[in-house]
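These numbers come from a predicted model, not from an experiment. The figures here come from the full heavy-atom set of this structure, side chains too, leaving out hydrogens, waters and symmetry mates. Here is how names work: the chains are called A, B, and so on, in the same order as the sequence lines, proteins then strands, and each is numbered from 1.
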Amino acid sequence: MSAPRPVALIDGNSFYCSCERVFRPSLDGRPVITLSNNDGCAIARTAEAKALGIKMGQPWFQIKHLEQDAGLVAMSANFELYADLSDRMMTVIGQYGPDQHIYSIDECFLYLDGVRGNLTDYVQQIRARVLQWVGIPTCVGIGATYTQAKLANHIAKKRPHWRSVCDLASMPRGAMATLMREIGVGDVWGVGRRLAPRLQALGIHSALDLARADPAAIAKEFSVVLARTVRELRGTPCIDLGDDGTAKQQIVTSRSFGRPVVDQAELAEAITEFTSRAAQKLRGQGSKASAIQVFIRSSPFRPKDRPYSAATTIRLTSATQDSTALVNAVLAGLRAIYRPGVLYAKAGVMLMDFQEEHIEQLDLFSPAPAGPGAARDPGGTALMQTVDHLNTRFGRGAVRLASAGIEQGWANRQERLTPAYTTQWGQIPIVRA
DNA sequence: TCTGGGGTCCTAGGACCC
DNA sequence: TCTGGGGTCCTAGGACCC
């Protein structure tokens with residue numbers, strides 16, 4: 001346990017929508033939303049869109065009428081653009097302190113110990129530079145712990161006249177308590193929609209109530225996780241976010257289909273494509289997988305259509321990062337769980353049980369290399385490197401396994417996709433004088 | 001007609017062992 | 001006949017996050 005250091009949580013406002021506004025200033029002041037894959041539901045909303053009553057995750061078909069009725073602008077999610085602007089934003093913020101932790105595509109923690117003078121003034125400089133250099137508006141919360149910083153960020157968003165910054169770390173206890181009394185317990189980081197009602201039933205309604213609860217009693221009644229939240233609210237750091245460079249422990253690639261899929265051959269195409277993408281991520285972090293899971297399911301929203309959901313996990317005889325080996329395993333798994341006559345809505349794969357790629361655990365039953373100096377490439381490493389290189393250079397899917405299909409009629413609908421303004425030469429905006 | 005995708009950590013319970 | 005208690009490992013599922 002370490003002494004509290006002031007930490008800031010900096011996040012982009014309505015991040016995906018703000019990215020779109022960077023290249024379409026005419027969207028300023030208008031209600032804008034970004035749609036999930038398949039144009040399924042709203043995953044980012046500007047303040048104007050929230051004011052129309054649009055909820056996070058709300059299905060598009062329920063709000064589509066607002067295009068006509070309220071001038072709503074909806075766009076398909078353009079993750080290539082968002083990832084690039086995220087990199088730029090994080091780089092700018094990272095210049096303001098040596099200890100930055102990128103928590104998600106649109107937010108990061110930045111430690112502020114050692115900053116001389118007023119912390120609010122300091123983070124206002126960061127906000128101004130991110131806005132000027134990247135074009136993204138931000139909010140900042142400062143606290144003695146991650147959970148306090150999150151809470152402060154929430155407060156900053158609720159009080160526009162604070163100019164988007166709230167510093168709980170420098171605030172007198174009484175003032176902090178007054179603010180925390182006004183925040184619902186469900187708005188505390190770590191309290192979701194299941195825990196909130198249970199806490200309320202015990203008389204814990206506000207962030208302040210939770211901060212004043214007994215951590216031991218909370219651990220007993222709920223979990224050690226929630227007890228940590230209590231201590232963090234009180235200003236004792238006890239959450240470890242790990243290193244940013246740490247490799248993922250599992251890699252998931254899954255998609256809802258653009259239309260129902262019945263045919264096993266078509267499912268096999270999709271599964272092949274997902275496995276190839278997952279394997280590329282696996283190689284990108286220098287890991288090999290020892291197991292892979294495949295799952296298929298019908299739509300949970302159409303229970304009349306013969307509900308079916310199945311998954312199976314395939315253990316590999318030795319860990320690999322070779323797409324073809326992983327695809328072969330997963331297709332065998334698919335054959336085992338496929339049922340004819342089901343309208344499949346979604347499928348996916350999950351790579352698990354990783355090893356570092358330089359560790360060579362030979363399969364007991366595979367043939368030994370044929371003599372000294374034999375040209376041996378157990379993971380298909382050279383081929384996979386070439387494939388990854390070509391796909392990075394020429395765009396995803398430039399080179400792929402034939403079994404992933406050419407037409408890919410099951411693929412996403414993305415009818416409102418904006419250009420990749422910053423990462424594709426052909427889509428860079430041209431400004432004419 | 002139309003409802004996302006990708007992660008983490010913790011816990012409970014079963015199998016198995018001594 | 002009597003039918004303990006503690007430990008480990010694994011998995012499935014639940015909770016949370018964005």
query = Hey, are A:E20 and A:R416 close enough for a salt bridge, meaning a charged N less than 4.0 Å from a carboxylate O?
reply = no
key: Any A:K248 side-chain N or O less than 4.0 Å from OP1/OP2 of B:dT8   = no
ask   = Would you call A:K288-A:D322 a salt bridge at under 4.0 Å N-O?
value = no
inquiry  = Once you apply a heavy-atom cut-off of 4.0 Å, does A:L35 come out as touching a base, just sugar-phosphate, or nothing?
reply    = nothing
task = Can you establish whether the number of heavy atoms outside A:K157 located under 6.0 Å from its atom NZ is more than 12?
result = yes
inquiry  = Please give the distance between the P atoms of B:dC17 and C:dT3 as a whole number of Å.
reply    = 24 Å
query = Hey, does the Lys NZ or Arg CZ of A:R339 hover above the aromatic six-ring of A:Y308, less than 6.0 Å from the centre and inside 45° of the axis?
reply = no
note = Output for pair (A:C41 SG, A:I54 CD1), nearest 0.5 Å, gives 12.0 Å
ask   = In terms of side-chain heavy atoms of A:Y103, which of B:dT3, B:dT1, C:dC17 is nearest?
value = C:dC17
inquiry  = Please tell me if A:S254 has a side-chain N or O lying less than 4.0 Å from either OP1 or OP2 of B:dG6.
reply    = yes
message = Taking the minimum atom-to-atom distance to the side chain of A:P59, which one of B:dG5, B:dT3, C:dT11 wins?
response = B:dT3
remark   = Testing B:dC9, C:dC17, B:dT11 for proximity to the side chain of A:W189, the answer is C:dC17
ask   = Relative to the 5' end of DNA chain B, which residue comes earlier, A:F222 or A:F301, by the nucleotide with the nearest heavy atom?
value = A:F301
ask   = Looking for any heavy atom pair under 4.0 Å, which part of the strands does A:R198 touch: base, sugar-phosphate only, or nothing?
value = nothing
key: A:N13 CG to C:dC18 P, straight-line distance once rounded to whole Å   = 15 Å
inquiry  = Between A:I271 and A:V294, is the side-chain contact (heavy atoms from CB on, under 4.5 Å) condition met? List the steps.
reply    = CA-CA 8 Å; A:I271 292 290; A:V294 51; 3.5 Å; yes
A:K281, nearest nucleotide to its side chain (from B:dG4, B:dT8, B:dG7) = B:dG7
message = If you compare every side-chain N and O of A:R228 against the phosphate oxygens of B:dC10 (OP1, OP2), does one of them come in below 4.0 Å?
response = yes
ask   = Which nucleotide in the list C:dC18, B:dG7, B:dT8 gets nearest to the side chain of A:I251?
value = B:dG7
ask   = Base, sugar-phosphate alone, or nothing: which one does A:Q62 contact when heavy atoms must sit under 4.0 Å apart?
value = nothing
key: Phosphate-side-chain proximity, A:R193 and C:dA15, N/O vs OP1/OP2 below 4.0 Å   = no
inquiry  = Please tell me whether A:Y103 and A:Y146 form a close aromatic pair, meaning their ring centres lie under 6.0 Å apart.
reply    = no
task = Quick one: label A:N37 by what it contacts on the DNA or RNA (base, sugar-phosphate, nothing), any heavy atom closer than 4.0 Å.
result = sugar-phosphate
query = Distance check: side-chain N/O of A:K150 vs OP1/OP2 of C:dC18, anything under 4.0 Å?
reply = yes
query = Which is true for A:D39 with a 4.0 Å heavy-atom rule: it touches a base, it touches only sugar-phosphate, or it touches nothing?
reply = nothing
ask   = Under 4.0 angstrom, heavy atoms only, what part of the nucleic acid is A:Q249 near: base, sugar-phosphate, or nothing?
value = sugar-phosphate
query = Rounded to whole angstroms, how far apart are CZ on A:R297 and C1' on B:dG4?
reply = 10 Å
message = I want to verify a distance call: between B:dT1, B:dT3, C:dC16, whose nearest atom is closest to the A:R194 side chain?
response = C:dC16
Nearest-angstrom distance from the residue atom CE of A:M90 to P of C:dC18 = 13 Å
request  = Please figure out whether A:T253 or A:V224 has its closest DNA chain B nucleotide nearer the 5' end.
outcome  = A:T253
Interatomic distance where CZ belongs to A:R45 and P belongs to C:dC18 [whole Å] = 13 Å
message = When both hydrogen-bonding distances must be under 3.5 Å and the geometry is Watson-Crick or G-U wobble, what is C:dG6 paired with, if anything?
response = B:dC17
inquiry  = Output the rounded distance in Å from CG (A:D243) to C1' (B:dT8).
reply    = 15 Å
remark   = Separation of B:dT3 atom C1' from A:I33 atom CD1, nearest Å, is 13 Å
task = Please determine if a side-chain N or O atom of A:S256 lies less than 4.0 Å away from the OP1 or OP2 oxygen of B:dG4.
result = yes
query = For the pair made of CG in A:L199 and P in C:dA15, what is the distance, rounded to whole Å?
reply = 13 Å
task = Round to the nearest Å and state the distance from A:K346 atom NZ to B:dG6 atom P.
result = 8 Å
